Amino acid sequence: MVKTNRANFGSKLGIILASAGSAVGLGNIWRFPYETGNHGGAAFILIYLGCIILLGLPIMISEFLIGRRSQANAGRSYSILKPGTQWKWVGRIGVLASFLILSYYSVVAGWTLEYTLQAATNSFAGKSANDFIVSFQLFSGNPWRPLIWLTVFLLATHFIIVKGVEKGIEKSSKMMMPALFILLLILVVYSVTLPGAEKGIAFLLKPDFSKVNGEVFLGAMGQAFFSLSLGMGCLSTYASYFGKHTDLARTAFSVGIIDTVIAILAGFIIFPAAFAVGIQPDAGPSLIFITLPNVFQQAFGEVPALAFIFSVMFYILLAVAAITSTISLHEVATAYLHEQFKMTRGKAAKFVTGGCIFLGIFCSLSLGTTKEYTLFGMGLFDLFDFVTTKIMLPLGGLLISIFTGWVLDKKIVKGEITNDGTLKGVIYPYLIFILKYIAPVAISFIFINELGFLK
Ligand code: TRP
């Protein structure tokens, strides 16, 4: 391994919780339930699990080994592993993606703070379904409030990032991830014991394969990538801080399991509560910011104190999940600027935070005040979302699997999987087979489909 004196995570648990913190985010608690709702429930979940095991984990292991072997940020790792080739662009595009994702993700993350405040000041009480629609539209279209929350959220992320890898990222993840898990469990218990919750539980557990079509497979794959933070160097950046004894495959399994369990638990909060009051979970940001507060009011309407506690805990949970993800996105760009341009970490972080607040403001305004200005028919928020999740991430995942499966010296791959022969590495042949053949074909397929060529 290349010797450097760069930062490191301090413990095995810290490594797992920081990586799981990156993976667990709005993707689990907002996007996963809505995708499940749209794609028929349990059958989608089974296919999603298949995608995690067959594609997600092998690509996660690839990112881990690229990061740990190169001991470098995403932008530089490919130049170290394959000097003088164009592979460096995979890393650089990843850094750009981290900037774009952070900018629009922070807008939604900011909303979680507004909703935490609204829940905590009891402003949901007594509102009707229609009131929730109006208040969400008034808030998200307001020219100031969302910008303030976006800035607050990015400054909080900044504050953790400048504390460094071990004292900032690792320590905060070790506090926040267990808290998140406890909050989730409490909410699940509340939700599944509501009268009428059985329908929601059945929806999650009884697969209806009649709803399965090609699109369900593609939706599941896309969700697996986003949820595991794959395709743009997030996990390779974290892996550059792993120690040489870290078992990469085992760590990937732990992260995959935590991420999946949390997504499914989020489903067990949302569906039982929604079905209990006869509301179908619908799509988009409206699910957690319009439908859910209404669901909570109705579901616990008899006991206002419960509605209050449930709502406050839910939005705190969302904010915590979001910040451990924004930290990882921020780190990709900060590590790149810090190492590539020899800036101090603090200065690099200021550039990233400043740049993302700037871009984030335009993303946020594009949902209200500047709605009429579009590019390719989309506002900036939708454009950033589309370009990153539909183009940059699948392309990144495809290139990463080709890089590890075909380009990188097999001795390096095997050395990293087995920690230079000290671990058994039973998965090695399967890993290579998937990375060489299955992942490139499957991802090319999502990619082509998402760009609409198959429609
Ligand atoms: N995985 C996170 C979520 O589920 C979001 C995220 C963080 C992400 N880093 C990423 C998504 C990198 C794609 C790529 O919310």
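All ligand and atom numbering here is 1-based and tracks the order in the structure. Every heavy atom of this structure was used, including side-chain atoms; hydrogens, water molecules and symmetry mates were not. The shown structure was predicted, so the numbers you read here are calculated from the model rather than taken from an experiment.
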Colleague: Have Ser236 and Ser77 got a donor and an acceptor in their side chains that come within less than 3.5 Å?
Modeller: no
Colleague: For residues Thr334 and His338, is any side-chain donor paired with an opposing acceptor at under 3.5 Å?
Modeller: no
Colleague: As an exercise, state the distance from CG of Leu431 to OG1 of Thr404, rounded to the nearest 0.5 Å.
Modeller: 8.0 Å
Colleague: Could you check whether any side-chain heavy atom of Pro293 comes within less than 4.5 Å of a side-chain heavy atom of Tyr315, counting everything from C-beta outward?
Modeller: yes
Colleague: What are the atoms of ligand 1, with element, lying closer than 4.0 Å to any heavy atom of Leu329?
Modeller: 7 (C), 9 (N), 10 (C), 12 (C)
Colleague: With heavy-atom distances below 4.0 Å as the criterion, list the atoms of ligand 1 near Ser227.
Modeller: 1 (N), 4 (O)
Colleague: Mark up the atoms of ligand 1 that fall under 4.0 Å of a heavy atom belonging to Leu26, in ascending order.
Modeller: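 Under 4.0 Å from Leu26, ligand 1 has these atoms: 15 (O).
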Colleague: Could you tell me if Thr251 and Thr246 have a donor-acceptor pair between their side chains, going purely by distance under 3.5 Å?
Modeller: no
Colleague: Answer with yes or no whether the side chains of Glu170 and Ser11 bring together a donor and an acceptor at under 3.5 Å.
Modeller: yes
Colleague: What protein heavy atom is closest to atom 11 (C) of ligand 1, reported as residue, atom name and distance in Å?
Modeller: Phe226 O, 3.3 Å
Colleague: Between Asn419 and Asp247, is there a side-chain donor-acceptor contact under 3.5 Å, judged purely by atom types and distance?
Modeller: no
Colleague: In the protein, which heavy atom is nearest to atom 6 (C) of ligand 1, and how far is it?
Modeller: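 The closest heavy atom on the protein side is Ser229 OG, 3.5 Å.
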Colleague: Judged by non-hydrogen atoms, does Tyr105 sit under 4.0 Å from ligand 1?
Modeller: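 Contact present.
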Colleague: Enumerate the atoms of ligand 1 whose separation from the nearest heavy atom of Ser328 is less than 4.0 angstrom.
Modeller: 7 (C), 9 (N)
Colleague: Checking a contact table here: which protein heavy atom is nearest atom 12 (C) of ligand 1, and how many Å away?
Modeller: Met232 SD, 3.2 Å
Colleague: Could you tell me the residue and atom name of the protein heavy atom closest to atom 13 (C) of ligand 1, and the distance to it rounded to 0.1 Å?
Modeller: Leu393 CD1, 3.6 Å
Colleague: Tell me whether Lys12 at atom NZ has more than 12 heavy atoms from other residues, nucleotides or ligands lying less than 6.0 Å away.
Modeller: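 12 or below, so no.
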Colleague: Counting each atom of ligand 1 from 1 as listed, which ones have a heavy atom of Asn28 under 4.0 Å away?
Modeller: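 Contacts of ligand 1 toward Asn28, numbered from 1: 4 (O).
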Colleague: Can you report which non-hydrogen protein atom sits closest to atom 4 (O) of ligand 1, along with the distance?
Modeller: Ala23 O, 2.9 Å
Colleague: Contact between ligand 1 and Gly231 is defined here as a heavy atom of the residue under 4.0 Å from a ligand atom; is it met?
Modeller: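 Gly231: no contact with ligand 1 (<4.0 Å).
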